[in-house]
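Bear in mind that the values here come from a model prediction, so they are computed numbers and not experimental data. Every heavy atom of this structure was used, including side-chain atoms; hydrogens, water molecules and symmetry mates were not.
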Amino acid sequence: MAETFISAQEILLQHNTRVLLDHASLALCAGDRMGLVGRNGSGKSTFLRILTGGLQPDGGKVTRARDLVVGYLSQEFSLDPALDVASNVRMGARHVLDLIAEFEALPGDSPRHHDIEERIAHFDGWNLDHRIKTALSELGCPAGDRGIAGLSGGEKRRVALARALVAQPDVLVLDEPTNHLDTESVGWLVEFLNGYPGALLVVTHDRHFLDEVVNSIVELRNGIFERYEGNYTDYLSLRAEKLASEELGEHKRQMFLRREIDWVRRRPKAQTGKSKVRLEKFFEVQDDAPHEAETDMELVIPPPPQLGNRVVDIEDVGLSFGERSLFSGLSLTFAGGTRIGITGRNGLGKTSLLRVILGELAPTTGTVRIGSLTRFNYVDQGRLQLNEDKSAMDELSDGSEWVQWGESKLSLRAYLKRFLFTDDRLTTPVRLLSGGERSRLLLARILKKGGNFLILDEPTNDLDLPTLRVVEEALLGFPGCVLVVSHDRYFLNRVCNGILAFEGDGRVVHSVGNYDYYLEKKRRDAQAAVASAAAAAKAGSKSHAPTAPAAKAGKSRKLSFKEQRELEGIEAAIHVAEAKVAGMETELASPDFHRMQGQRIRETMAAIETGKADVVRLYARWEELEAVRAASA
């Protein structure tokens with residue numbers, strides 16, 4: 001049986017009259033790689049603070065293994081302003097530094113010599129400097145000798161993450177570790193955690209990250225923990241089955257109660273033993289009501305104004321600051337239904353491109369032509385500041401009690417209810433709203449502006465998973481244009497039909513399809529370049545070889561006419577196959593799927609696996625045909 005590192009037993013926590021943790025229990029054991037999910041405001045971050053000793057619960061207890069070392073990245077971390085970046089990161093391994101100092105101070109014949117050496121080896125202490133250097137580089141942290149005071153919030157968060165990782169602790173507890181990380185850094189973090197030998201507990205909205213890293217999902221729902229084995233995709237299917245079973249059980253409970261109520265109304269006055277048992281059973285089932293079902297946000301983006309023939313045309317655009325060129329030669333045409341995802345490392349010019357399109361920044365070269373009917377709605381990284389003393393209603397009201405909804409109007413109250421605000425929360429001061437409620441209020445305020453061209457800069461930060469799914473569904477159904485900067489791979493795969501990748505050194509690549517398709521195409525291009533270079537090197541070595549009787553060169557096979565046609569159409573076939581899989585996954589993830597079509601869960605899952613196999617087969621065939629074409633070129 002695996003060793004238990006941390007055990008939380010019967011934890012009770014209340015905030016005013018609201019119960020966040022209702023005698024909840026959870027154990028983190030050796031080998032566990034656990035993802036903690038739940039709605040914003042459900043108590044996930046609060047539970048992490050309890051687990052790591054930063055907060056005392058109202059009831060229950062937390063026990064930890066002896067000499068346990070925990071690395072913790074919290075939402076509200078702090079760095080030492082007196083130390084530079086590298087020293088702050090090094091302080092994450094203070095226990096290792098103390099062990100090394102003690103080891104070096106011991107005489108050679110000390111009986112503690114061997115024990116301390118083993119302890120240092122347990123934390124891989126002799127490689128600490130290498131880990132610090134690697135983490136600073138791969139997470140995109142500022143230079144190690146920089147001070148803390150001048151860093152941005154995102155830079156400070158990356159430093160705090162590096163500090164938590166370098167200690168090689170027994171347990172890693174990470175609260176939203178992928179926030180402010182670009183896709184390359186997230187990829188390195190995934191690789192690091194997959195090689196990390198300790199236990200992991202992570203709260204994140206990054207679903208691709210959960211799919212790649214965890215082996216179980218724990219959902220905090222109605223104040224208690226529900227555990228599902230497997231990654232996030234497994235969790236979705238298992239949870240759908242569980243909810244379908246719960247709904248069936250509730251249907252049976254209601255049928256029983258209806259029958260028994262009829263019997264209670266006409267039962268004989270004589271209280272026989274049998275009737276008493278039956279009556280007790282009735283009250284027992286009546287009291288066994290299920291938890292109140294969580295409602296999903298009914299997010300529908302206000303209908304946009306009609307687009308004109310020209311939406312936005314970017315022609316040979318480049319942008320430079322002094323001698324530094326961010327990008328050049330970029331051309332792109334937008335039309336209704338275009339959903340482009342912008343990705344790449346921080347600092348390469350993604351936000352600057354948005355400002356160029358909006359007309360806030362003049363391009364160094366090229367032109368940006370905006371259609372006369374195009375109306376932008378820009379959501380920047382900082383979003384909007386909320387007035388802590390105002391209510392949700394007051395924050396949205398600009399002197400009018402109505403929201404323009406296409407050709408008609410919607411009351412502010414009805415509009416906010418679509419974002420899960422109940423009547424009592426509509427008048428609650430912003431300072432008393434939960435983190436999730438504040439995020440939804442910001443989203444409501446942003447989308448109220450309307451527009452037919454949405455420009456979103458990191459929209460997925462701080463949104464919980466249910467809200468993210470609803471936002472994705474709304475964007476997929478939006479008839480206007482969407483341009484979104486995001487490092488959320490799952491989001492990019494679900495929403496985008498094109499990727500604009502900032503690859504560094506001024507290189508920007510436009511790829512049709514989702515993010516996974518862009519990565520696959522990039523991988524194939526790299527392989528082709530390596531093969532071409534190897535072939536050129538081989539040809540060069542042959543041309544410089546000593547003269548010898550020429551051997552008959554074997555003729556390489558060329559593509560047949562049929563194969564050429566197949567190669568020309570295979571990219572489109574891959575798009576269709578991937579879109580089919582994505583559609584089925586979207587259907588399975590829908591909150592209403594288990595209610596409406598619960599009997600089709602297994603059938604849909606099997607169809608998804610078949611579809612994925614088709615995608616793999618098509619990619620393999622593409623590689624085969626490309627290899628023949630390259631060899632005959």
Side-chain angles (χ1 to χ4, degrees), residues 183 187 190 207-213 230-241 337-341 343 469 472-473 475-477 488-499 501 509-528 531 557 559-590 592-594 596-631:
T183 47
V190 167
R207 292 151 294 180
H208 177 77
F209 182 84
L210 289 172
D211 264 344
E212 294 294 317
V213 169
N231 61 14
Y232 182 74
T233 300
D234 298 325
Y235 152 75
L236 285 179
S237 57
L238 291 171
R239 186 178 188 270
E241 290 183 7
T338 300
R339 297 186 300 275
I340 300 291
T343 184
R469 288 198 295 269
E472 289 165 353
E473 293 294 336
L475 291 177
L476 285 169
D488 186 327
R489 184 166 169 174
Y490 200 103
F491 179 88
L492 292 170
N493 280 333
R494 279 204 71 196
V495 169
C496 297
N497 51 27
I499 297 294
V509 175
H510 176 232
S511 173
V512 176
N514 63 18
Y515 187 73
D516 278 352
Y517 179 69
Y518 155 72
L519 287 181
E520 176 62 24
K521 197 170 182 180
K522 183 180 178 182
R523 181 186 68 81
R524 296 169 62 81
D525 288 345
Q527 287 179 341
R557 184 174 81 82
L559 291 174
S560 67
F561 176 76
K562 184 178 179 182
E563 288 173 329
Q564 286 178 339
R565 295 293 299 274
E566 183 183 2
L567 181 58
E568 290 168 3
I570 202 164
E571 189 170 350
I574 289 173
H575 279 313
V576 171
E578 287 182 328
K580 185 177 179 181
V581 171
M584 291 187 290
E585 288 179 332
T586 298
E587 182 184 25
L588 185 62
S590 169
D592 294 328
F593 182 77
H594 71 275
M596 306 297 292
Q597 303 183 61
Q599 72 280 3
R600 290 186 54 232
I601 290 174
R602 294 189 182 278
E603 174 191 335
T604 304
M605 289 176 63
I608 289 173
E609 292 306 313
T610 301
K612 287 181 177 179
D614 284 341
V615 172
V616 171
R617 177 184 58 78
L618 286 168
Y619 271 123
R621 179 58 174 164
W622 191 9
E623 289 181 357
E624 179 186 349
L625 294 175
E626 278 285 357
V628 174
R629 183 192 62 77

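Distance CG/L567 to NZ/K562: 14.5 Å, rounded to 0.5 Å. One distance of note links CZ of R617 with CD1 of I574; it measures 10.0 Å at 0.5 Å rounding. The distance from atom CD of E520 to atom CD of E578, rounded to the nearest 0.5 Å, is 8.5 Å. For the atom pair OH (Y235) and CG (D211), the distance works out to 12.5 Å, reported to the nearest 0.5 Å. Between the OH atom of Y515 and the SG atom of C496 there is a distance of 11.5 Å, given to the nearest 0.5 Å. With rounding to the nearest 0.5 angstrom, the CG atom of L492 is 11.0 Å from the CD1 atom of I340.
Y518 has its side chain out of reach of V512: every pair of non-hydrogen atoms, C-beta onward, lies at least 4.5 Å apart. In this structure the side chain of R621 reaches within 4.5 angstrom of the side chain of I570, judged on heavy atoms. Contact annotation: the side chain of E472 never approaches that of L475 to less than 4.5 Å [non-hydrogen atoms, C-beta and beyond]. Between R489 and T343, every side-chain heavy-atom pair lies at or beyond the 4.5 Å cut-off. Contact of the R469 side chain with the L236 side chain is registered, since non-hydrogen atoms from C-beta on lie closer than 4.5 Å. Side-chain contact check for R494 versus N514: every heavy-atom pair is 4.5 Å or farther apart. Counting only heavy atoms from C-beta outward, the side chains of R339 and L476 approach each other to under 4.5 Å.
Nearest heavy-atom pair, N231 versus L210, reported as atom, atom and distance to 0.1 Å: CB-O, 3.7 Å. In terms of heavy-atom proximity, V615 sits nearest to A577 at CG2-CB, 3.7 Å.
In this structure, Y619 and W622 have parallel ring planes: the angle between them is below the 30° cut-off, well short of the 60° mark.
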Checking side chain to side chain contact (heavy atoms under 4.5 Å, CB included) for the pair R207/D488: CA distance, chi angles, key distance, verdict? CA-CA 8 Å; R207 292 151 294 180; D488 186 327; 3.9 Å; yes
Is there a side chain to side chain donor-acceptor pair (under 3.5 Å) between Y232 and E212 once you walk through the steps? CA-CA 9 Å; Y232 182 74; E212 294 294 317; over 6 Å; no
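At most 12 non-hydrogen atoms from other residues, nucleotides or ligands lie less than 6.0 angstrom from CZ of R565.
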